[in-house]
Amino acid sequence: MHLLLVDGSGYIFRAFHALPPLSRKSDGLPVGCVQGFCNMLFKLTQDMDADEAPTHMAVIFDAKGKTFRDDLYPDYKAQRPPAPEELVPQFPLTRSATRAFSIPSIEMEGWEADDIMATYACMAKEAGWKVTIASSDKDLMQLVEPDGSIRLLDTIPRPGQPPLRWIGPDEVFTKFGVTPDKVIDVQALCGDSVDNVPGVPGIGVKTAAELINTYGNLETLLERAGEIKQNARREKLIANADLARISKKLVTLEQKVPVEIDLDGLIRQPMAPSALFPFLKAMEFATITKRLATLLEANPDDFEADPELKAGGETPVPGAPQKSSSLSVAKAKLAANVVPGSGPARFAAEEHARIKAIPVNYDDYEIVTTQERLAAWVAKIQDVGLVAIDTETTGLDPQTADLVGICLSTKIGEGCYIPVGHALAGDLLSGGGLVEGQLPIRDVLDALKPLIESAAILKIGQNVKYDMEIFWRYGISMAPIDDTMLISYALDGPRYNGMDVLADHWLSHKTITFSELAGTGKAQKTFDQLEIPAAARYAAEDADITLRLWHVLKPRLAAENATTLYETLERPLAPVLARMEARGITVDRQILARLSGDFAQRAAAFEAEAYELAGENFNLGSPKQLGDILFGKMGLEGGTKTKTGAWSTGADVLEDLAAKGIPLARTIVDWRQLTKLKGTYTDALPTYMNQRTGRVHTSYSQASVLTGRLSSNDPNLQNIPVRTSDGRKIRTAFVAAPGKTLISADYSQIELRVLAHIADIQALKDAFEEGLDIHAMTASEMFNVPVEGMPSEVRRRAKAINFGIIYGISAFGLANQLGIARGEAGDYIKTYFERFPGIRDYMDAQKVKVKADGFVTTIFGRKIQFPNANSGNPSERSFVERASINAPIQGSAADIIRRAMIRMEPELKKAGVDADMLLQVHDELIFEVPEGTEGAAIPVIKRVMENAAEPAVRLTVPIQVDAHAAKNWDEAH
DNA sequence: GCAAGGACGTA
DNA sequence: GTACGTCCTTGCA
């Protein structure tokens, strides 16, 4: 891995003096630095590609406003004159240029670009990467590493010198007379007149280097200053020791900036003509446009100049002066870049309108059946550098379905289908033959494999995890990818899941449905049984529509500030989940079979008993029949109705009846438990065992939960019983493979900790800091009883209240949960709010926010939308209030474990630990490791999970993970 | 054959 | 009181 950081702000200032001035022809806007900047980006990527191509890249800018250095030393950078007028409009333009080149542009309020670069360099170094910083700023020289793993690259053009000049340890020594690690000590002494760092008056670089080399470091020097022979020098040092110390703080770069995008988010993206040329055209940079057109094999004439940026662009800005110089108009317009409805948002809206207007024409799709046409498609994909791709298979389970065809699209309106597995009709015995005219599957995969695995070609899909797993079974690793389903999820949540819904909503296009093609129910055909021409229309449409959706949705990420979420929390997780699904977990069939028998017998006994008690036979599984018997025939009191008017026979109702001495109620409860365990688990799980792997492979849905959690299905392995002893027996059937051991690692009280952090509740934070029993502590605070010897009932109530808080408490709900009166529950809540007043503030803030904005957010910026926050229906409204209180808590915890999962595999690898992540259950991760290595694996797993929030968010509560190893899940948990 | 409702397993 | 997925029955086609 190789990270390239570009010092954007540093470049602009230096280029301004080094480059000849240049004005845009049509309106005289000064753009010299912008052009130099574009040339530099182009040159950097070209020259470095030839050598050691950076795999990750970002341009870092200074943000406006104060930094910690201003507090440290109010005169810091005080003498700096205001930026020249010609430079001002070029600041935002260089940011636009960065985005046009598809490079992340990063700036953070309160931090200088240097600190952000130091942080990333430090992160990359820790990860064992190479780092190049494109800057010649001497303040960055302290980051240079003696082994060359971090180097600077001077990119300012200078006559008679090569365009790019490396700055390594030798160059640093030439400049400062010391090794890079001592640069800050030298700077502390000699100061810096440009930044107004004081240093020790009268000491320059030479003297400073001499002193530091003699005494080793600044502190030692200051301590032993009295030993210095030269009078003047000695007195100056003693008198100004504090100034030197402050200076050191000023020049020392912060390496722990809480950056929002982690390293993975900086992965290099291919340049997109649709982003690049509108910008370059608006700037009227002819030469570089031509060079990039050649490089990308794109036609700039296909693109219009960005209307926001082009000379005399239309968009009037509210409040902007009507008549003004072109310069101030440009300034005003650029400021409007951040206003919704302009800049990126406008671009996204225009793209949407443009794409939506292109009709779908099924006749334009191609069926590829010859090597020549296959080769032509391969060439086309290589040219364009991106491809929408979709696999058609014999089923929905990526671990068993076989490939039937592949569809591709590189340009909207075009698409092809490559059939490889359509089967001849016929009975089962004569099956196995393929329809003639299809290319051999091996030939097709051999031709496509280099593309699918090429780092230079972006694969775009809808629910790519599925295709990834299919291709993996054919020996192909799909990367890099973009997923329209995940982009949509990052933007809009699970609202428009599914390509048919996305196409309908964004493109107003109704796609061919699979049922239309293959029928429904038992008679539904599998894809291999379809006629190729019909299959091709459906399949090629999928690829074409996916590409259209990508063009519509991707620009919205930047426009709606969801890029970080998508790049750090969604896109990198998909391959991790794909691998977990592919691994599966071993389930002991015999244990389940024995349990099924046991449960069946005991259920039958309860069934007979129920008939006896009811005085008649009826279907115990029918709530309707049961309700009629209990509240009709037996005439019991206290029955409640469900919303459809049926008798309610839930477990809580039956428990109440049982307590009143109705034995039938207890019998039903027991029967239900056993049949539930049998039907949903012990009978069902064996049917999910994969013939090929002998394991059970769940499927995770990454994009269907409102709060950002995952969900698991087919089978759902996130609701395997644990609360009852019969239920836990099912967990003993989840076992480690021979020679392996399972590890279960779970977050302790993660949601309460997240609540303590978000709502800033000092009492809760202190309790977690001290490692107290949080429910007992709550009980002690609320009921004024000591934790020592606390009755379990008291603790139980406090626990229920804590959970209630997380769920957006109501007196009604708490009363139900605890079986107490509404009034009493209301008193509890009141007491709680009095003891922890911050909680009420948090809750009120969420309610206000959801009504005003229609969404709330997690600490990582995930938006959770509530479209009916202002519903006219009061119960719906209070439902949204409770959900808006819960969502940031549940969602932030979900984001934390997602981050842990994304980092887990590389960190295990780095630590030399062989461990396979198998399952996720919201706050728990299950691993499989070779027997005897659990001692090595557990500390790494705990470290990654406990530090998962950083560096994006520094939590103000400790995070605790408990991990255990055992042969089965029950014992490991 | 399918959708809705009820019930219940998990965090 | 939050967030899910699955099984079963029921009622309508």
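We name chains A, B, ... by the order of the sequence lines, and we start the count at 1 in each one. Note that the structure is predicted; figures quoted are calculated from it, not measured.
- One atom, CZ of A/Phe599, and another, P of C/dC7, lie 16 Å apart when rounded to the nearest Å.
- Annotation: cation-pi pair A/Lys863/A/Phe855 present, NZ/CZ under 6.0 Å from the ring centroid and within 45° of its normal.
- Judged by the 6.0 Å and 45° rule, A/Lys624 forms no cation-pi pair with A/Trp647.
- A salt bridge does not link A/Lys660 with A/Asp656: none of the charged nitrogens is closer than 4.0 Å to a carboxylate oxygen.
- Of all nucleotides listed (C/dA3, B/dA7, B/dA11), C/dA3 comes nearest to the side chain of A/Leu706.
- Of the candidate nucleotides C/dC4, B/dA7, B/dG5, B/dG5 has the atom nearest to the side chain of A/Thr644.
- Close to C/dA3, at under 4.0 Å from its OP1 or OP2, lies no side-chain N or O of A/Arg709.
- Comparing atom distances between the A/Phe879 side chain and each of C/dG1, C/dT2, B/dG6 picks out C/dT2 as nearest.
- Residues A/Thr680 and A/Pro494 both approach DNA chain C. Their nearest nucleotides, taken by heavy-atom distance, put A/Pro494 toward the 5′ side.
- The side chain of A/Leu814 lies closest to C/dG1, out of B/dG6, C/dG1, B/dC8.
- Ionic pairing of A/Arg797 and A/Glu793 is present here: one or more N-O contacts between side-chain nitrogen and carboxylate oxygen are shorter than 4.0 angstrom.
- At a cut-off of 3.5 angstrom, counting only N and O atoms as typed in the model, there is no donor on one side facing an acceptor on the other between the side-chain of A/Asn716 and the base of C/dG5.
- With distances taken from any side-chain atom of A/Ser622 to the nucleotides C/dT9, C/dC7, C/dG5, the minimum falls on C/dT9.
- For B/dT10, its base never sits under 3.5 Å from the side chain of A/Gln718 at any donor and acceptor pair.
- Each of B/dG9, C/dT9, B/dC8 was ranked by its minimum atom distance to the side chain of A/Gln673; first place goes to B/dG9.
- With 3.5 Å as the limit, one finds no donor-acceptor pair spanning the side chains of A/Glu834 and A/Thr831.
- When the side-chain nitrogen and oxygen atoms of A/Ser711 are compared with OP1 and OP2 of C/dG5, one or more of them lie within a distance under 4.0 Å.
- The phosphate of B/dA11 (OP1 or OP2) has a side-chain N or O of A/Arg723 nearer than 4.0 angstrom.
- In this structure, A/Asn619 reaches the C/dT9 phosphate: one of its side-chain N or O atoms is under 4.0 Å from OP1 or OP2.
- For A/Thr520, counting side-chain heavy atoms from C-beta on, the closest listed nucleotide (B/dA11, C/dG1, B/dG1) is B/dG1.
- For A/Ser704, the listed nucleotide lying nearest its side chain is C/dG5; candidates were C/dG5, C/dA3, B/dA11.
- When the side-chain nitrogen and oxygen atoms of A/Gln524 are compared with OP1 and OP2 of B/dG1, none of them lie within a distance under 4.0 Å.
- With B/dA11, C/dA3, B/dA7 as the candidates, the nucleotide lying closest to the side chain of A/Thr649 is B/dA7.
- Separating the NZ atom of A/Lys678 from the C1' atom of C/dT6 is a distance of 16 Å, rounded to the nearest angstrom.
- The interatomic distance linking A/Ile806 (CD1) with C/dA3 (C1') rounds to 12 Å, in whole Å.
- Side-chain proximity of A/Asn719 to the nucleotides B/dT10, C/dG1, C/dA3 is greatest for B/dT10.
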